[in-house]
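Let me begin by presenting the structure, written as structure tokens, before commenting on it.
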Amino acid sequence: MLRHALLVAACSCALLAADAAPARPNIVFVFSDDHTPQTIGAYNLWLSPFCREQRVTPNIDRLAAAGALFQNSFCGNSICSPSRAAVLTGLHGHANGVRYLGEEVTPGTWKFPTALRAAGYQTAVIGKWHLGATPSETDFWCLLPGQGAYVNPSFTSATGSVQRAGHASDVITDLSLEWLEGRDRSKPFMLMVHHKAPHRTWIPPERYARWLDDVTVPEPATLFDDYANRASVHKTQKLMIDADMTLSGDLKLYPDKPLDKIPEMYRARNEAFRARNPQGRDLVRWKYQTYLKDYLRCVKSVDDGVGRLLDYLDRHALADNTVVIYASDQGFFVGEHGWFDKRWILEESIRMPFILRWPGVVKPGSRPAAMIQNIDYAPTLVEIAGGQTPPSLHGRSFLPVLRGETPADWRTSVFYRYYDPGHGVPQHLGVRTARYTLAHYGATDEWDLFDREKDPDQLRSVYADPDYAVAVAELKAELARLRALYGETDPEPYVKTARPARAKAAADKPTKPGKRKTQADR
Ligand code: CA
């Protein structure tokens with residue numbers, strides 16, 4: 001039904017004139033899930049050289065070469081739904097109602113697509129949404145239910161549901177290109193292309209099932225972290241590749257389970273695993289390699305979609321007047337500290353990729369150092385579109401930064417607050433500056449202070465070191481200032497009393513207490 005409607009729309013538009021060039025720029029906002037910038041070639045992070053050599057992200061890199069790559073882009077709560085709500089509303093979770101996974105934005109809250117529609121834009125969102133309510137503020141929406149499926153995914157829209165054959169990354173790109181073909185060409189457009197990949201359980205398209213088989217992914221220096229010299233909570237989390245990444249579901253060792261109907265593509269690697277039967281650290285290394293390769297294969301499927309969108313804009317003479325953004329809802333641990341997943345205030349978790357191309361406005365190849373946050377996206381996009389934002393937003397437009405003119409009073413710290421109990425990561429709040437990361441864990445009343453200038457891997461808290469007493473005092477004052485600035489007064493620990501979650505997501509559900517397994521989980 002949906003496909004029929006799209007085809008009809010595409011046919012009718014073929015009768016219209018060639019693409020007009022609206023005075024205001026179009027916006028294509030590609031937003032993936034859990035794609036950490038360590039795995040983007042264009043970033044200068046530890047896995048970037050490997051990703052460049054293996055051409056993991058050639059199209060995202062192409063976008064960066066022609067636009068701005070933000071080196072310091074962060075979320076305020078490193079988990080799917082809260083980050084997406086912050087992007088949509090320009091507000092932190094305590095103000096938009098989304099502190100936890102699967103919650104929906106408080107009804108009546110302003111969302112940026114509304115302002116773009118009021119400014120004359122045609123708006124659409126296609127792909128993963130993961131917020132309770134449907135996006136009625138956009139002209140068109142076509143969404144994966146919850147986390148959605150990697151293989152032959154189903155979508156829901158205002159006109160019904162439809163299942164499409166293929167891999168989620170390819171299908172989301174197909175639907176996006178179909179919407180572009182069928183759009184109202186008398187208006188500028190804002191298209192949100194929201195990928196499912198590379199979210200857990202990292203199932204790539206079959207064309208990449210064997211890609212990277214013959215190479216070894218570099219290991220992070222902290223793969224065998226002992227979690228000493230930090231708050232005790234680092235030892236009780238449940239996101240270890242060793243103990244918490246499952247051989248069956250995550251690493252597809254037993255394809256007899258209905259893992260999105262995986263075909264035969266894992267047979268050879270599973271047979272090789274059983275023949276070798278690795279143990280101890282050897283097993284952790286096998287799990288790391290297997291996890292990372294599937295993750296990177298999923299990233300490559302997203303990158304393919306970026307390439308197809310860029311090619312479409314080129315072919316239709318739209319590239320010069322279209323802002324193209326690539327971002328993802330948070331960072332991810334790709335083996336650092338022996339972990340997968342996100343949630344912590346630590347760098348790998350809170351750093352979001354953010355790349356923006358805007359010919360004639362943004363200097364190609366620029367790498368702004370200004371700290372931006374996901375709360376800034378909404379006011380920035382609205383200002384680009386010439387719309388109006390309410391005065392109550394937490395975020396600030398970074399359009400001046402895009403123009404190469406960072407304001408003198410631009411932020412020098414970011415506020416962070418994590419609420420969800422998932423993966424045994426306790427609630428915490430904190431502040432991140434250019435040099436320091438300060439965190440407080442309410443349940444145990446512990447603090448961490450990391451001096452990232454001397455300890456970039458964040459392995460040793462200097463909170464109790466007298467040499468850092470002044471820094472601790474200044475950072476606590478800054479944290480208090482930010483909480484006051486944003487009107488954040490939630491107690492610690494916060495007890496959830498809000499509306500019940502609607503969209504529970506299987507893959508993001510916390511590991512159940514008492515279910516922690518060791519390498520024997522085969
Ligand atoms: Ca996510």
Side-chain angles (χ1 to χ4, degrees), residues 29-40 60 73-89 92-93 96 98-105 125-132 135 143-150 153 168-169 172 192-204 237 239 244-245 250 291 294-296 298-299 301-303 305 325-334 336 339-354 373-375 377 416-423 425 501 503-511:
F29 178 19
V30 184
F31 199 53
S32 58
D33 196 349
D34 292 2
H35 185 193
T36 195
Q38 295 97 292
T39 58
I40 293 179
I60 298 171
S73 163
F74 303 103
C75 59
N77 183 353
S78 182
I79 190 169
C80 296
S81 310
S83 179
R84 289 156 193 270
V87 166
L88 207 57
T89 64
H92 286 296
N96 66 35
V98 183
R99 296 174 176 86
Y100 295 82
L101 195 68
E103 290 186 311
E104 69 179 58
V105 174
V125 55
I126 294 168
K128 181 170 171 180
W129 186 242
H130 210 188
L131 290 166
L143 308 176
L144 294 169
Q147 297 282 9
Y150 264 118
S169 301
I172 289 167
M192 302 161 80
V193 183
H194 285 204
H195 283 285
K196 168 180 173 59
H199 191 282
R200 191 184 188 185
T201 53
W202 317 294
I203 298 174
Q237 41 62 41
L239 33 74
D244 304 303
M245 179 176 279
D250 290 327
Y291 153 50
D294 274 350
Y295 181 95
L296 295 175
C298 287
V299 167
S301 73
V302 171
D303 186 81
I325 295 166
Y326 183 80
S328 192
D329 59 352
Q330 355 78 205
F332 214 70
F333 293 102
V334 281
E336 302 95 342
W339 292 338
F340 64 101
D341 212 74
K342 56 260 185 180
R343 302 167 195 271
W344 296 96
I345 193 174
L346 303 176
E347 291 290 283
E348 298 88 351
S349 165
I350 65 170
R351 190 182 296 278
M352 303 166 73
F354 192 91
Q373 266 195 290
N374 48 6
I375 51 172
Y377 296 8
Y416 188 82
R417 180 143 195 187
Y418 173 77
Y419 297 86
D420 207 272
H423 283 268
V425 178
K504 276 294 176 190
D508 255 355
K509 279 183 180 172
T511 306

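Remember, it's 1-based here, ligands and their atoms both numbered in the order they're listed. These numbers were taken from a predicted model, which means no experiment stands behind them.
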Inset, instruction - Identify whether the distance between the nearest side-chain nitrogen and carboxylate oxygen of Arg200 and Asp34 falls below 4.0 Å. - result: no
Which of the N/O/S atoms in [X] sits closest to the Ca ion (ligand 1)?
X	answer
Asp34	OD1
Asp329	OD2
Asp33	OD1

Legend entry - Contact check: His199 to the Ca ion (ligand 1), N/O/S below 3.0 Å: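 It does not: His199 brings no N, O or S atom closer than 3.0 Å to the Ca ion (ligand 1).
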Legend entry - Any N, O or S atom of Gln330 closer than 3.0 Å to the Ca ion (ligand 1):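 Checking Gln330: at least one N, O or S atom is under 3.0 Å.
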Legend entry - Steps toward side chain to side chain donor-acceptor pair (under 3.5 Å) verdict (Trp339, Gln237): CA-CA 10 Å; Trp339 292 338; Gln237 41 62 41; 3.2 Å; yes
Legend entry - Donor-acceptor contact present, side-chain Tyr418 to main-chain Asp420, <3.5 Å: yes
Legend entry - Ring-ring centroid check Phe31 Phe29, cutoff 6.0 Å: yes
Inset, instruction - Evaluate the ring planes of Tyr291 and Tyr295, with Trp represented by its six-membered ring, and classify them as parallel (under 30°), tilted (30 to 60°) or perpendicular (over 60°). - result: perpendicular
